[in-house]
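Proteins come first, then strands; the chains are lettered A, B, ... in the order of their sequence lines, and each starts at number 1. Please read these numbers as outputs of a predicted model, since none were measured by experiment.
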Protein chains: 2
Amino acid sequence: MGQTDTVTRILDTAEVLFAERGFAETSLRHITSKAKVNLAAVNYHFGSKKSLIQAVFARYLDPFTERFHAALDELEARYAGGVIPLEELLETMARTVLEVPAERNSLKVFMRLLGLAYSQAQGHLRRYIQGQYGGVFSRFTELVRRATPDLPDAERFWRLHFMLGTVIFTLSGLEALRDIAEKDYGEQVSVRDLVRRLRPVVVAAMSAPLPDATFPAAEAS
Amino acid sequence: MGQTDTVTRILDTAEVLFAERGFAETSLRHITSKAKVNLAAVNYHFGSKKSLIQAVFARYLDPFTERFHAALDELEARYAGGVIPLEELLETMARTVLEVPAERNSLKVFMRLLGLAYSQAQGHLRRYIQGQYGGVFSRFTELVRRATPDLPDAERFWRLHFMLGTVIFTLSGLEALRDIAEKDYGEQVSVRDLVRRLRPVVVAAMSAPLPDATFPAAEAS
DNA sequence: CCTGATGGTAAACAGCTGTTTTAAATTTAC
DNA sequence: GTAAATTTAAAACAGCTGTTTACCATCAGG
C-alpha cells in the first residue's frame with residue numbers, strides 16, 4: 001500500500017468534494033486527480049460511482065448505527081423497562097451524531113452529506129440508506145413514541161421530520177449561515193453553540209399544542 | 001407564436017424537471033424534447049442554462065415579493081406603526097407563499113425549487129436570489145425583530161433559520177415523506193394539512209425558552 | 001525461475017453535455 | 001410585394017462523463 005491506502009485516499013477526497021458540490025457535479029476525474037490516484041482506481045476498488053457514493057455514506061453510518069444502538073441499549077438498561085424521557089432520547093441522538101465525525105473533524109461534511117441524501121433525487125441512495133439503516137431509526141422512533149404517549153402517531157411522525165429538517169438544514173448549510181451570522185452579529189458560531197441553541201427549540205416544538213382540528217368538510221386539496 | 005408561447009412552454013417543462021431531478025441532472029435536450037421545442041430555442045431565448053434556471057425562479061419569486069411587500073404594507077397600515085404580532089407575521093408569510101404557486105397548482109414544484117436553491121451548491125443561484133430578493137427578507141426579519149423584543153438578535157436569527165429549514169425541508173421532500181406517511185398511517189396528507197400542523201410547531205419553537213448560558217471558560221470547538 | 005495474483009497505470013470507448021453555426025421558415029414593416 | 005427582422009430547424013462542435021480495456025509492476029508461494 002502507498003503512504004496512505006488508496007481506498008481511504010479516494011474516500012477522504014470524495015466525501016469533501018461531494019459535500020461541497022453534490023454528487024452529479026463531482027466527476028471521478030476531479031476526485032482522482034485531487035486524491036493523486038489513477039482514474040481507474042475508483043472503478044477497480046468500488047465498481048462504480050454509485051457504489052463509491054454508498055461507501056462514503058457507509059463510513060459514517062456504520063459506526064453511527066453501532067454506537068447509537070449501544071447508547072440506546074445503555075439507556076434502556078438504565079431505565080429498566082420504564083419510559084425514557086424525551087429529552088434524554090434527543091440528547092443521546094445528538095451526542096452520537098456529534099461523536100462519530102468528531103474523530104475526523106468532519107461534522108460539516110457529515111451533515112452536508114445527510115442533507116444531500118435527502119434533497120438530491122438520487123433514488124438509489126435513499127433506497128440504500130433506508131434499507132441499510134432504517135432499523136435504528138425505527139427503534140428510535142418507537143422509543144420516542146413511548147416517551148410521548150399523548151401525541152397522535154401521525155403528529156409525532158411529522159414533528160420528528162420537522163425537527164430532522166431543522167437540524168439537517170441548519171448544520172448542512174452551516175457554512176453559508178455562519179458567514180451571514182458573523183457579518184451581522186460579529187459572533188463566532190461553533191457547532192457546540194448551535195446545538196445548545198437547538199435544544200430548547202426542538203423540545204418546545206415536540207411539545208407544542210396540537211393543531212386545531214380541520215373542519216371535516218373543508219374543500220379538497 | 002405557437003399554441004402556447006415557446007418561452008412559457010420551456011419554463012413550464014423546465015421547472016418540473018428541475019424540481020424532480022435537480023439542475024445538473026436535467027439536460028437541455030430533455031427539457032426541449034419534452035416541451036416539443038427545438039434545442040437551440042433555450043439558448044436563443046434565455047442565453048444559457050444558468051439564465052434559464054434563474055428565469056424559472058424569477059417567475060415564482062417576482063410575484064411573490066410583490067405580493068409579500070403589498071401584504072406587509074397592508075399589515076403595517078392596519079397596525080398603524082404599532083407592533084405586528086408574530087403570529088400575524090408568520091401567517092402572512094405562509095399565506096403569500098401558498099398563494100403564488102396555487103394559481104398554477106405547483107406548490108410542490110415551488111418548494112422543491114427553494115430546497116434545491118439552498119442545498120445544491122450552484123453558487124450563482126444563491127447569489128442571484130440573495131441579490132434579487134434579499135430585500136423582502138430583510139424587511140420581514142426587521143418586523144419579526146420588533147415582534148419579539150425579548151429575543152436576543154442572534155437567537156432570533158438562528159431560530160428563523162431553524163424554522164426556514166423545517167418548512168423548506170418538509171415541503172420540498174414532501175413527495176418522499178408523503179409516501180412513508182401514507183404507508184405507515186394510511187393517511188392522505190395535503191399541503192394544507194401540513195401547514196396546519198406546522199403552525200403550532202413554528203410558534204412554539206420561536207417562543208421557546210432561551211438556552212442555558214454556556215460557561216464562558218468552556219473548551220474551544 | 002516460473003506462476004499467478006493483486007494493485008496500479010495509461011489509453012481508448014461510447015455517450016451525453018451545453019453551445020454555436022448554418023440554413024430554412026415565418027412573421028412583421030413598409 | 002418586397003425586404004428586413006424574428007423565430008425555428010437540424011447539424012456540427014468541442015469538451016467532459018463513467019466505464020472498460022489492455023498492459024505493466026510488484027511480490028508471494030511453488
If the cut-off is 4.0 Å, is A:N43 near the phosphate of D:dT19, judged by side-chain N/O to OP1 or OP2? yes
Any side-chain N or O of B:H45 under 4.0 Å from OP1/OP2 of D:dT8? yes
Can you see if the side chain of A:T6 gets near the phosphate of C:dG7 - specifically, an N or O under 4.0 Å from OP1 or OP2? no
Taking the six-membered ring for Trp, is the centroid-to-centroid distance between B:F140 and B:F68 below 6.0 Å? yes
Residue pairs, two or more places apart or on separate chains, that pass salt bridge (charged side-chain N to carboxylate O under 4.0 Å, His left out) and touch residues 31-51 of chain B: none
Would you mind reading off the distance between B:N38 atom CG and C:dT26 atom C1', rounded to a whole angstrom? 14 Å
As a test of reading the structure: which of D:dA11, D:dA9, C:dT9 is closest to the side chain of B:L39, going by heavy atoms? D:dA11
Please verify the inter-ring angle class for B:F110 with B:Y60; under 30° counts as parallel, over 60° as perpendicular, anything in between as tilted. parallel
What is the distance from NZ of A:K36 to C1' of C:dG8, rounded to the nearest Å? 17 Å
Taking C:dG18, D:dT7, D:dA10 as options, the one with an atom nearest any side-chain atom of B:R29 is C:dG18
Would you kindly give the OH-to-P distance between A:Y44 and C:dT6, to the nearest whole Å? 7 Å
When the nearest nucleotide of DNA chain C is assigned to B:T26 and to A:V7 on a heavy-atom basis, which residue is associated with the more 5' position? A:V7
Between B:S48 and A:A41, which is nearer to the 5' end of DNA chain C once each is assigned its nearest nucleotide? A:A41
I need the CD1-P distance between A:I31 and D:dT19, as an integer number of Å. 11 Å
Distance check: side-chain N/O of B:S27 vs OP1/OP2 of C:dT17, anything under 4.0 Å? yes
B:Q132 versus B:Q54: any side-chain heavy-atom pair under 4.5 Å? no
